[in-house]
*Asks:* 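Attaching a single structure in structure tokens format; questions to follow.
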Amino acid sequence: VMTFNTLIKAQCKAGEMASALCLLKHMSSEFALVPDEVTYNTLMAGFIQKDKMEEALELLKEMKSNGRTPDTVTFSILINGICKQGRFEEAVKFMEEMLGSGLYPDTVTFTTVINGFCKRGRIEEATELLEEMRESGLYPNTVTFNALINGFCKQGRIEEAVKLLEKMRGCGSYPDTVTFTTLISGLSKQGRMEEAVDLLDAMWGSGHYPDIVTLTTLVNGFCKQGRMDAAVKLLEEMSENGLYPNIVIFNIIINELCKQGRMKEVVKLMEELRGTELYPNTLTFTTLINGFCKQGRMEEAVKFLEEMRRSGHYPNIVTFTTLIHGFCKEERIDEAVKLLEEMGENGLYPNIVTFNTLINEICKQGRMEEAVQLVKEIRGSGFNPDVVTFNTLINGLCKQRRMEEALKLLEEMRGSGLYPN
RNA sequence: UUGAUGACAAUC
């Protein structure tokens, strides 16, 4: 069983859930092995990682009907799935249900929910949960604090994030490479590159050495500031420390070249990547496709979509939305619609960004009634309009001098817990 | 053998 669990885990890690399920079938049918808690937990975690909650719950059922009892790990996995969907009330309910079945949420369970709150910018609730955790006798660890620090950084609240370092020590945990990188990322996003580099320098003395993620974070920071030279210099320095560029670094550079409209160089770079160990991934291709879309060069964008598929990478929702936006911008609506249909055929569903893209297009055509109607439908299908949705609609109305309606939407926006930016 | 934290792509 352990052997199969290991194999199943490997498939899950590779995102090959169909093969993982295949292994589950085989272990009982061909080898008369009985899957255990670990088997099911592994599979459920694999599905959650791919945002496939339904399938995870299906496995939970199967697990129970095969006489296996969900344990603390099972609950943590499912709670993670619920948090990823932003359904925190249910997550908390799940934690209570745990207690009902004699299981106690542990540090990982709490950290999962704390991280969920942080990811959605709900820091205050995350902080409350930290207190609750301590009250119930559990010790937050480095991961718990890292999640919180990341939450503050993502909101641009770096000073508060730094303050958490002291609290961290007070709780007997210590910062690690992730802690430093999280702070460096926060500083970089604010354009505070000098401080970010200071922190990098401090890492060497702390015993928590920068890793490839730290490096990519800084390279991205420099590129976004338009300081490619600084990025390249850092890459050279770091290669002396044994840190070499990976595909993420190239994705960042490709993105920057695209932003500068240097498409010839990008295409050349892509060719140079062939025959190296750096394999372009979905993000590489999507970045490139976006570059061509932004230049209005849709034929080339589509050409790379095909190349992407040929090299075994599936376009995802971001890829499709990028192309749909590109076609809309060029007023080639028929082709945009065709892509929407193709998405469905590929088992991909529009997300809020896709909808915002469509709403924007409808607004630009001055069809405000239809735009508002579409938002209603989106709501009905379980999506929450976000800040961009409202901005798009408000902008559309303002362009038509329909200020009363725009102001009404502003209120509606506030009413649904969104902060106008 | 299973669960939580940091980097890169799309919309206003």
Side-chain angles (χ1 to χ4, degrees), chain A residues 1-9 12 36-46 48 71-80 83 106-116 118 141-151 153 176-186 188 211-221 223 246-255 258 281-291 293 316-326 328 351-361 363 386-396 421:
Chain A
V1 174
M2 274 175 60
T3 311
F4 269 93
N5 289 348
T6 308
L7 291 168
I8 287 171
K9 168 74 187 168
C12 288
D36 64 6
E37 287 78 3
V38 174
T39 319
Y40 287 111
N41 287 346
T42 307
L43 281 159
M44 282 187 267
I48 297 299
D71 58 15
T72 305
V73 174
T74 318
F75 275 100
S76 295
I77 292 164
L78 294 170
I79 287 170
N80 189 24
C83 286
D106 62 12
T107 298
V108 174
T109 321
F110 271 99
T111 303
T112 302
V113 182
I114 287 172
N115 182 48
C118 286
N141 61 19
T142 297
V143 176
T144 317
F145 280 103
N146 286 348
L148 277 161
I149 288 170
N150 188 40
C153 284
D176 62 5
T177 297
V178 173
T179 320
F180 280 104
T181 305
T182 305
L183 288 166
I184 288 173
S185 171
S188 297
D211 63 13
I212 188 67
V213 177
T214 321
L215 178 59
T216 52
T217 304
L218 281 157
V219 166
N220 189 42
C223 283
N246 60 6
I247 191 64
V248 176
I249 302 254
F250 278 92
N251 290 348
I252 292 165
I253 290 170
I254 288 169
N255 191 38
C258 286
N281 56 25
T282 299
L283 265 87
T284 320
F285 283 107
T286 305
T287 304
L288 188 61
I289 289 168
N290 184 46
C293 286
N316 62 19
I317 185 64
V318 178
T319 321
F320 275 105
T321 305
T322 303
L323 283 158
I324 289 168
H325 182 241
C328 285
N351 64 17
I352 188 65
V353 178
T354 321
F355 283 124
N356 288 341
T357 305
L358 298 171
I359 291 166
N360 186 43
E361 177 54 28
C363 287
D386 63 8
V387 176
V388 176
T389 319
F390 279 100
N391 287 348
T392 307
L393 286 173
I394 289 172
N395 187 38
N421 62 17

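Owing to the predicted nature of the structure, the values given are computational and were not obtained by experimental measurement. Each chain gets a letter, A, B and so on, in the order its sequence line appears, and its residues count up from 1.
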*Asks:* To the nearest angstrom, how far is A/Leu283 atom CG from B/A10 atom P?
*Replies:*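 Answer to the nearest Å: 9 Å.
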*Asks:* Check side-chain hydrogen bond (donor to acceptor under 3.5 Å, both in side chains) between A/Thr287 and all other residues, then give those that pass, not counting sequence neighbours.
*Replies:*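 Residues passing side-chain hydrogen bond (donor to acceptor under 3.5 Å, both in side chains) with A/Thr287: none at all.
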*Asks:* How long is the line joining CG of A/Leu218 and P of B/C8, in whole Å?
*Replies:*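 Between P of B/C8 and CG of A/Leu218: 12 Å.
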*Asks:* List for me each residue that meets side-chain hydrogen bond (donor to acceptor under 3.5 Å, both in side chains) alongside A/Asn360, sequence neighbours excluded, and say none if there are none.
*Replies:*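 side-chain hydrogen bond (donor to acceptor under 3.5 Å, both in side chains) check on A/Asn360 returns nothing, list empty.
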*Asks:* Measure the distance from CD1 on A/Ile324 to P on B/A10 and round it to the nearest whole Å.
*Replies:*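 Value for this atom pair: 15 Å.
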*Asks:* Reading nucleotides 1-6 of chain B from the 5' end, what letters show protein touch, with B for base, S for backbone sugar-phosphate only, - for no heavy atom under 4.0 Å?
*Replies:* BBBBBB
*Asks:* Could you give the CG-to-P distance, from A/Asn246 to B/A9, as a whole number of Å?
*Replies:*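 Distance, rounded to whole Å: 14 Å.
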*Asks:* Rounded to the nearest Å, what distance is computed from the CZ atom of residue A/Phe390 to the C1' atom of nucleotide B/C12?
*Replies:*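 Checked: the CZ to C1' distance equals 13 Å.
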*Asks:* Take atom CD1 of A/Ile254 and atom C1' of B/A9, then tell me their distance rounded to the nearest Å.
*Replies:*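 Rounded to the whole Å, the gap is 11 Å.
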*Asks:* Taking any heavy-atom pair under 4.0 Å as a contact, classify A/Asn421: base, sugar-phosphate, or nothing.
*Replies:*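 Nothing, no nucleic acid heavy atom in range.
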*Asks:* Kindly say if A/Asn360 contacts the phosphate of B/U11, meaning a side-chain N or O under 4.0 Å from OP1 or OP2.
*Replies:*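 Indeed not, no polar side-chain atom of A/Asn360 lies that close.
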*Asks:* Looking at A/Thr216 and B/A7, is any side-chain donor or acceptor paired with a base atom of the opposite kind under 3.5 Å?
*Replies:*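 Such a pair exists between side chain and base.
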*Asks:* Rounded to the Å, how far apart are A/Asp386 CG and B/A10 C1'?
*Replies:*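 Nearest whole value for this atom pair: 13 Å.
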*Asks:* Using only heavy-atom distances, determine whether the side chains of A/Asn220 and A/Thr217 contain a donor-acceptor pair under 3.5 Å.
*Replies:*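 Looking only at side-chain atoms, A/Thr217 and A/Asn220 do not form any donor-acceptor pair under 3.5 Å.
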